[in-house]
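In what follows, every chain begins at residue 1, and chains take the letters A, B, ... in the order their sequences are listed.
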There are 2 protein chains.
Amino acid sequence: MSVPLYQAKAEMFRTLGHPVRIRVLELLQAGPRPVRDLLAEIDVEPSNLSQQLAVLRRTGVVVSFRDGGSVMYALSTPDVADLLAAGRRILGAVLTDRDGLLAELRAHSPAD
Amino acid sequence: MSVPLYQAKAEMFRTLGHPVRIRVLELLQAGPRPVRDLLAEIDVEPSNLSQQLAVLRRTGVVVSFRDGGSVMYALSTPDVADLLAAGRRILGAVLTDRDGLLAELRAHSPAD
DNA sequence: TGCCGAATTGCAGAATTCTTCAATTCGCGG
DNA sequence: CCGCGAATTGAAGAATTCTGCAATTCGGCA
């Protein structure tokens with residue numbers, strides 16, 4: 001493996017690090033959707049959405065295929081939903097903790 | 001909520017989108033560690049590591065405190081481990097799928 | 001075939017993020 | 001108080017990512 005594992009992981013997370021891309025993934029959790037729908041819900045220029053979709057495709061978290069007159073996108077694996085859920089959890093935990101945990105850790109250390 | 005939720009999520013993921021930061025988090029899964037240790041294992045300049053640690057601190061995924069002569073870092077919540085695990089799973093799934101899922105999805109669509 | 005809407009691609013400028021060097025802070029021990 | 005090692009901060013240039021416009025591709029359909 002010429003590219004270290006942690007670099008691949010970083011790339012994976014960096015792929016999710018964009019508001020539009022996050023929204024796309026959340027919308028896709030409910031099932032495959034045509035680009036047209038995403039465009040209607042996300043409020044971003046078509047070309048911009050395409051760019052972001054391309055990023056998601058490149059990393060492999062979504063796949064696309066044509067369905068009649070429109071292009072459909074779908075999560076490549078339901079595991080993506082887990083990732084989003086974990087993110088949500090941490091966001092919650094982080095907002096609640098802020099100081100709490102820090103104090104506890106410090107209490108157990110021989111420092112003070 | 002002036003800052004949309006999906007923007008906060010994106011920020012959270014973007015925080016993990018860097019090889020050094022990922023490594024730090026993985027090392028911290030085993031418990032709190034002094035900067036000195038991280039520095040010894042990661043092969044990056046001290047100032048660079050500090051910068052990355054600052055990013056992690058800003059987002060709140062890690063906390064730091066002083067322990068005698070050194071500064072300790074720790075995950076702010078064990079949920080972070082879940083996130084890393086989910087990332088690993090997706091990485092695996094994505095590498096295996098490549099085409100497989102796509103074909104299946106296409107089969108169910110009225111397209112072809 | 002020729003047109004139309006849907007979606008993507010190619011770029012260029014703007015905005016962010018990375019990396020490194022030098023300077024600074026902070027505790028601790030002499 | 002002064003010097004030291006540990007870690008952080010500030011700042012600047014390099015590198016990467018974002019955004020929007022124009023042009024292009026691709027199917028489907030008259």
Problem - Candidate pair A:Leu83 and B:Phe13, rule side-chain contact (heavy atoms from CB on, under 4.5 Å), full reasoning - result: CA-CA 10 Å; A:Leu83 198 60; B:Phe13 284 118; 4.1 Å; yes
Exercise for the section: With side-chain contact (heavy atoms from CB on, under 4.5 Å) as the test, would you mind laying out the steps for B:Ser64 and B:Arg57 before giving the verdict? Expected result: CA-CA 8 Å; B:Ser64 71; B:Arg57 245 184 298 130; 3.7 Å; yes
Exercise for the section: Take A:Glu26 and A:Arg88 through the test salt bridge (Lys or Arg N to Asp or Glu O under 4.0 Å) and record every step on the way to the result. Expected result: CA-CA 11 Å; A:Glu26 293 193 333; A:Arg88 251 190 301 282; 3.5 Å; yes
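The distance from the CZ atom of B:Arg89 to the CG atom of B:Asp82 is 8.5 Å, given to the nearest 0.5 Å.
A:Arg14 has its CZ atom 16 Å from the P atom of D:dA15, to the nearest Å. Residue A:Arg58 contributes atom CZ, which lies 11 Å from atom C1' of D:dT17 at whole-angstrom precision. Atom pair B:Asp67:CG and C:dC28:P shows a separation of 10 Å (rounding to whole Å applied). Atom CD of A:Glu45 and atom C1' of D:dA23 are 15 Å apart (whole Å). Rounded to whole Å, atom C1' of D:dG27 lies 16 Å from atom CE of A:Met72. When the C1' atom of D:dT16 is taken as reference, atom CD of A:Gln7 falls 13 Å away, rounded to whole Å. As a whole-Å value, the separation of B:Gln52 CD from C:dT20 C1' is 12 Å.
The only member of A:Leu28, A:Thr77, A:Val55, A:Val80 that meets side-chain contact (heavy atoms from CB on, under 4.5 Å) when paired with A:Val62 is A:Leu28.
The residues A:Glu11 and A:Arg58 are annotated as not salt-bridged, no charged nitrogen and carboxylate oxygen being separated by less than 4.0 angstrom.
Applying the salt bridge (Lys or Arg N to Asp or Glu O under 4.0 Å) test to pairs two or more places apart or on separate chains, those with a residue in residues 40-55 of chain B are B:Arg33-B:Glu41.
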Exercise for the section: Could you encode protein contacts along nucleotides 1-14 of chain D as a string, one character per nucleotide from 5' to 3', using B for base contact, S for sugar-phosphate-only contact and - for no contact, with a heavy-atom cut-off of under 4.0 Å? Expected result: -----SSBBBB---
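Within residues 17-24 of chain B, the residues having any heavy atom under 4.0 Å from DNA chain C are, by residue number, B:His18, B:Arg21.
The backbone N or O of B:Gly60 sits less than 3.5 Å from a side-chain atom of B:Ser76, completing a donor-acceptor pair.
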